[in-house]
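All remarks here apply to the structure that follows.
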Amino acid sequence: MYKLTLSLFLLPLIIFAQEKLPDVTQKQAGKYDANKFSQMYDLLATPNMFRTASGAPGPAYYQQQADYKIDVELDDKRAKLSGYETITYYNNSPDSLEYLWIQLDQNEASKNSQSPLAESQKMEQVLTVDKFANQYLKKGLERGFNIEQVKDVKGNPLSYTINQTMMRINLATPMKPGEKISFSIKWWYNINNYRQEGGRSGYELFEKEGNRLYVIAQFYPRMAVYNDVEGWQNMQFWGNGEFTLPFGNFDVNITVPSDHIMEATGELMNRSEVFTPAQVQRYELAQKTFDKPVVVVTQAEAEASEKGFSDKKKTWKFSAKNVRDFAIATSRKFILDAMAVQLSSKTTMAISIYPKEANPLWGETSTRTVAHTLKSYSAHTFDYPYPKAVSVSAEDQGMEYPMICWNFGRPDENGVTSEQIKNGMMGVVIHEVGHNFFPMIVNSDERQWTWMDEGLNSFMEYMAEQELGTNFPSRRGPAKNIVPYMSGDQNFLEPIMTNSESLIDFGSNAYAKPATGLNILRETIMGRELFDYAFKVYANRWKFKHPTPEDFFRTMEDASAVDLDWFFRGWFYSTDYVDIGIKEVKQYYVSETPSQDLKETKVRKRRFGLEKGPFVYLISDQNPDLKQKKQSQMEGLKLLSDYVSENLSADEKATLKNPKYFYEVAFNKPGGMPMPIIVAITFDDGTIEDFKFPAQIWRKNNDTALRVFGTEKQIKKIQIDPKLETADIDVSNNSWPKEEVKSRFD
Ligand SMILES: [Zn+2]
């Protein structure tokens, strides 16, 4: 955002200074605008040694690495978290770094946060008492990081500056290419009640019993990304644009009350110290059980722990390799079940932790859904590389971290689950587990582009839901579901290629529209074979790396030989919508004698001169000369029967078509977005024939396209996009004759 604002700000100044700039830029912009099939040179960054024109990492591609050793302790009574970390940062870039940027995401909720002040605020006239009290009565809570010390390896204090959610560590001497540096940070913060205060992490309070269920994330100062695209990605965390993080290895020791059950990113290194022997045995059974979850920590064990409020402590030790983040879920309320999952080249574990309030739904559904997700996503991208994926029951949450995610959806107080709750819960589990692939492994810049992870992941979620084979009611993916959004007021629409913090309708713009676009590419434009291969190439090229939008757009073309610039230009860079219609249908009849208007028509030879004839004439049914000749006369045309008998072999004669009816169909396109024309023609005997004209039919005329059909049977009806696969916003012009109008041929 800093960089973007700066360049936009500088531009008018330069124009001012030069007074008379030639109008070239204006004209070029106009020209690009005029053709929706122009290649995207005006929109994409120039390929370079870091990122190639084919969309792959270039020969000079690099990425930074940040390793963490962290000790944290939870004070359950005060809901407070304290931590001490040592970060080792590797400068793999070709640049010298004068300072390091660290992300302090908890500060987004601190008293001096700019986030709430940067939102326009309207008087809400009906509020819950809770919300009124929070907004008008209560003093703001103490939130945000308290940084106690920042020190180098020798224990000397390092100079640092905190700007909102970013902390700059000032280096005495620049960090050269190839160097690594270690430093430590000590901090603490008060954990928020996320159901009251909001946030992607915090605790859920079970008031009657006084227990908390913690889902802990963004809990430690985290390295910002430095790369060839943004330099430091140090745009502030305003609340919407999520996280951009380098890969690294984590060793994390987490101290909690001894009656807690925990899951976190990484492999548990001391299972025998934190589980009972029986639980260890059950876990070992789960590692060999592929057909159903094994309960490792039982509901009875969890219910016993709930009442204990132990004063003793226990330390859980986790180790994670090549992850971009770390998150923790801990509570004395947790039940844990797990099962093994067979992928094509390896096995992994699907795990769920949930309180008794989530049963029976979670015991029956969560871990199985995790397993299904890992299989489906792996088949479309690469085998899930991590040792486990955990689904945590956290009400009102849907949030992802490496190997672990928070998911909403529980039965009512009587243990009854509606279909809607169950489907919502399965959808969010698939979605959040799926985020392991995008953006946890294919590590795009979430702070810049929400669609690169949410859009791709919503598309993958749609495929995984449909692969359940249960007619799952997917919200995002089917083309017709995006129509209400894309046909909305243009004043409130922005292109998908809009920064995460500037999106008006986050869900529709960054989740549903890109997901639908990919679905249309797969089903309608490229076909599954070409799409699936190219998508897999993208995933494999960029797994454990940092892709940009260009890398995605370029790879999809590079691996398929399908020119998609028109699609990406329209669907991702504009707010154009799809509306294709049938404007007019004319019928023609063949004749040996020209109608009055055709008598003087000259037919050019291919190179020089004019054709002499004899000619076959196609006469419009609206031509007055046609009079009674309404029957097709082709069979009676001497010209044609002579031609056939004199010029064609017996084999050719046997395969001749016998068209009797000739139609010219005029398609029009009130919508700006090009799209293939999908046509279903119904004949008078009820049979249907399908045609598909590629989007390129609009290259030379963006408004109208004509096609001629010579058919053996009379056409009764023409329908465009009969299966609603193109997100056409107005289907009232999609059929001929218009549904309510009687056919003039009847
Ligand atoms: Zn998501």
Side-chain angles (χ1 to χ4, degrees), residues 105 194 198-202 215 217-218 237-245 265 323-325 327 329 366 369-370 372-374 376-377 380-381 384 386 389-409 423-466 472 474-477 481-482 485 496 498-501 503-519 535 539 542-543 546-547 549 552:
D105 313 87
Y194 73 75
R200 285 168 175 73
S201 61
V215 283
Q218 296 93 42
F237 178 45
W238 289 93
N240 277 329
E242 288 182 325
F243 312 110
T244 305
L245 299 151
T265 304
V323 290
R324 50 164 257 175
D325 201 0
S366 178
T369 307
V370 174
H372 170 76
T373 306
L374 295 176
S376 170
Y377 277 62
H380 288 290
T381 55
Y384 181 64
Y386 293 135
V390 186
S391 163
V392 182
S393 168
E395 208 49 335
D396 294 343
Q397 287 284 359
M399 191 57 203
E400 69 277 11
Y401 300 95
M403 304 185 215
I404 190 166
C405 55
W406 328 144
N407 300 304
F408 61 78
N423 289 335
M425 174 264 190
M426 288 177 72
V428 73
V429 170
I430 293 172
H431 183 95
E432 307 308 341
V433 171
H435 268 307
N436 273 295
F437 293 80
F438 306 95
M440 296 303 149
I441 296 167
V442 179
N443 189 351
S444 57
D445 182 344
E446 293 180 87
R447 186 131 314 163
Q448 190 68 34
W449 308 116
T450 299
W451 72 267
M452 281 199 79
D453 66 304
E454 297 299 353
L456 268 59
N457 185 44
S458 296
F459 164 69
M460 298 281 293
E461 176 196 339
Y462 169 67
M463 288 200 293
E465 287 169 354
Q466 295 310 306
F472 191 90
S474 297
R475 274 191 313 153
R476 290 164 174 159
N481 294 1
I482 198 68
Y485 173 68
I496 293 173
T498 299
N499 176 268
S500 306
E501 288 295 346
L503 298 175
I504 299 169
D505 183 341
F506 212 70
S508 297
N509 184 300
Y511 292 61
K513 190 182 169 190
T516 309
L518 297 182
N519 192 29
F535 194 82
W542 291 97
K543 69 179 173 187
H546 301 272
F552 177 71

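Indexing begins at 1, ligand by ligand and atom by atom, following the structure's order.
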Handout entry: Centroid separation F237 to F243 less than 6.0 Å
Key = yes
Problem - Residue and atom names of protein N/O/S atoms that fall under 2.8 Å from the Zn ion (ligand 1) - result: H431 NE2, H435 NE2, E454 OE1, E454 OE2
Exercise for the section: Please determine, by modelled atom types, if S391 and N407 share a side-chain donor-acceptor pair under 3.5 angstrom. Expected result: yes
Problem - For D505, salt bridge (Lys or Arg N to Asp or Glu O under 4.0 Å) partners two or more places apart - result: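 By the salt bridge (Lys or Arg N to Asp or Glu O under 4.0 Å) rule, D505 matches no residue at all.
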Exercise for the section: Return each pair, listed once, that meets salt bridge (Lys or Arg N to Asp or Glu O under 4.0 Å) where at least one residue sits in residues 431-446; pairs must be two or more places apart or across chains. Expected result: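 For residues 431-446, and leaving out neighbouring residues, the salt bridge (Lys or Arg N to Asp or Glu O under 4.0 Å) pairs sorted by first residue read R324-E446.
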Practice task
Return each pair, listed once, that meets salt bridge (Lys or Arg N to Asp or Glu O under 4.0 Å) where at least one residue sits in residues 390-403; pairs must be two or more places apart or across chains.
Solution key: R195-D396
Handout entry: Aromatic plane relationship, F535 with F459 - under 30° parallel, 30 to 60° tilted, over 60° perpendicular
Key = perpendicular
